[in-house]
Amino acid sequence: TGRISYLNGKKSLNTLGISLRLDYTLFEKLRLISALRTEKFNNPDDWYTSWQFAGVLPINENNTLRAVYSRANRSSFIVNAHSNFTWDREGRTPPSLVFFDGNPDAKLLTMDNFELGYRVRPNKQVLIDTELFLSKTKDFGALTSQRSGIYNIPQILGGATPETRVYISYLNLPFKVQQLG
């Protein structure tokens, strides 16, 4: 099959990133923080932007409120993008051959997070931090069996163990996940 190593040849991932962070205090009390980063990957050939917008409001010396909205993206991973390997399992239980292939066009996992928090310090030894959050995640990926097949029908009719092949590729999964806490 000719695919004896996991990546079989020179492979590369390239990333160009630009970021900006701003921190501003409004009315000498409300702290506003924003951060933005955008990255251009070669696999997948697309721009991905992540951000964080936060507001922190001290009510008094011992009580603070905060709100955050953020987005994070997983970066590209060489195994997911460029796998190219054949596992020859001759002499073992079927399947006889397993083909692993990456997917340079798979979308990267993305998570949006919304958070509201409250911090209270009842005394110098105790700090209580509570938080309500909602996170939404999409574009999960996994190595997934695309197709399998039995080949060499004359061999099977002659009573031999069939040669079976399984083709596994890295694919995006068609679901979204929400977490509330």
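Heavy-atom basis, side chains included; hydrogens, waters and symmetry copies ignored. Computed from a prediction, not measured in an experiment: that's the story for all the values here.
Between Asn80 and Ser83 the shortest heavy-atom distance is N-OG, 4.5 Å. In terms of heavy atoms, Leu32 sits closest to Gly55 at CD2-CA, 4.2 Å. Nearest approach of Ser12 to Asn42, heavy atoms of both residues: O-ND2, 3.4 Å. Listed here is the closest heavy atom pair of Ala142 and Leu173: CB-CD1, 4.0 Å.
Counting only residues at least two apart or on different chains, no salt bridge (charged side-chain N to carboxylate O under 4.0 Å, His left out) pair has a member in residues 77-86. Annotation: salt bridge (charged side-chain N to carboxylate O under 4.0 Å, His left out) contacts involving residues 60-70, sequence neighbours excluded, comprise Arg66-Glu115, Arg66-Asp129, Arg66-Glu131. The side chain to side chain donor-acceptor pair (under 3.5 Å) analysis of residues 15-25, with sequence neighbours excluded, yields the pairs Asp23-Arg31. Judged as a side chain to side chain donor-acceptor pair (under 3.5 Å), not a single pair has a partner in residues 171-180 (not counting sequence neighbours). Sorted by first and then second residue, the side chain to side chain donor-acceptor pair (under 3.5 Å) pairs involving residues 133-143 (not counting sequence neighbours) form an empty list.
Judged as a side chain to side chain donor-acceptor pair (under 3.5 Å), and not counting sequence neighbours, the contacts of Asn60 are Asn63. With sequence neighbours excluded, the residues satisfying side chain to side chain donor-acceptor pair (under 3.5 Å) with Asn43 are His82. For Thr110, the side chain to side chain donor-acceptor pair (under 3.5 Å) criterion is met by Asn73, not counting sequence neighbours. Legend: residues meeting ring-ring contact (aromatic ring centres under 6.0 Å, His included) with Phe77, ordered by chain and number and at least two apart, are absent. Under the ring-ring contact (aromatic ring centres under 6.0 Å, His included) criterion, Phe175 pairs with Phe140, not counting sequence neighbours.
Proximity of Lys29 to Leu57: side-chain heavy atoms (C-beta onward) are separated by under 4.5 Å at one or more points. Leu134 is not listed as a side-chain neighbour of Asn113, based on a closest heavy-atom distance of 4.5 Å or more. Looking at Lys107 and Pro44, their side chains never come closer than 4.5 Å, going by heavy atoms from C-beta outward.
Hydrophobic cluster membership of Ile33, counting Ile, Leu, Val, Met, Phe, Trp and Tyr whose side-chain heavy atoms lie under 4.5 Å apart directly or via other members: none, as it forms a cluster of its own.
Under the 4.5 Å side-chain heavy-atom criterion for grouping Ile, Leu, Val, Met, Phe, Trp and Tyr, Val177 is not connected to Phe133 through any hydrophobic cluster. Under a hydrophobic clustering in which Ile, Leu, Val, Met, Phe, Trp and Tyr are joined whenever their side-chain heavy atoms come within less than 4.5 Å, directly or via other members, Val56 and Tyr69 fall into different clusters. Leu171 and Leu109 sit in two unconnected hydrophobic clusters of ILVMFWY residues. Membership requires side-chain heavy atoms under 4.5 Å apart, directly or through other members.
Taking a 6.0 Å sphere around CZ of Arg74, one finds it holds 12 or fewer heavy atoms contributed by other residues, nucleotides or ligands.
From Tyr170, atom OH reaches atom CG of Asp105 across 13.0 Å, with rounding to the nearest 0.5 Å.
In summary, Arg37 and Glu39 engage in a salt bridge, as defined by a charged side-chain N under 4.0 Å from a carboxylate O.
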Less than 3.5 Å apart, which donor and acceptor atoms pair up between the side chains of residues 45-54 and the rest of the protein, not counting sequence neighbours?
| residue | atom | partner | partner atom | Å |
| --- | --- | --- | --- | --- |
| Asp45 | OD1 | Lys40 | NZ | 2.1 |
| Tyr48 | OH | Leu108 | N | 3.1 |
| Thr49 | OG1 | Thr38 | OG1 | 3.0 |

